[in-house]
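By convention here, the first residue in the shown sequence is residue 1.
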Amino acid sequence: MKKSKKYRCEVCGYIYDPAVGDTNNEIEPNTPFEELPDEWLCPTCSVGKERFIEIEE
């Protein structure tokens, strides 16, 4: 199984980890960043997905 990539918010540094999801916003664990709803916002600073960059592990 291919591991989903993590993404970092350019504004506040929040890391979206697909293995964890975002349970505060009803995003289940194992949800790839690409499958997040378009209206999803950073849970820390409320910017949109366009302000996230893929990070290397």
* Asked: Mind checking whether Y14 and F52 have parallel, tilted or perpendicular rings, split at 30° and 60°?
  -> perpendicular

Mind checking the [atom1]-[atom2] spacing from [X] to [Y]? Nearest 0.5 Å is all I need.
{"X": "C12", "Y": "R51", "atom1": "SG", "atom2": "CZ", "result": "10.0 Å"}
{"X": "C42", "Y": "R8", "atom1": "SG", "atom2": "CZ", "result": "11.5 Å"}
{"X": "L36", "Y": "D22", "atom1": "CG", "atom2": "CG", "result": "8.0 Å"}

Side-chain heavy atoms of [X] within contact of [Y], under 4.5 Å:
{"X": "K49", "Y": "F33", "answer": "yes"}
{"X": "P43", "Y": "N24", "answer": "no"}
{"X": "T44", "Y": "C9", "answer": "no"}

* Minimum heavy-atom separation for Y7 to I55, with atom names? ->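 Minimum heavy-atom contact is N-CG1, 4.2 Å.
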
* Asked: So, for A19 and P29, which heavy atoms are closest and what is the spacing to 0.1 Å?
  -> O-CB, 3.3 Å

* Under 3.5 Å, is there a donor-acceptor pair between the side chain of K6 and the main chain of P18? ->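 Looks like no, no N/O pair under 3.5 Å.
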
* State whether the side chain of N25 and the backbone N or O of I27 hold a donor-acceptor pair below 3.5 Å, judged by distance alone. =>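 No; judged by distance alone, with no hydrogens or angles, the pair does not exist.
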
* Heavy atoms from other residues, nucleotides or ligands near CD of E54 exceed 12 (cutoff 6.0 Å) ->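 Enclosed: over 12 neighbouring heavy atoms sit under 6.0 Å from CD of E54.
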
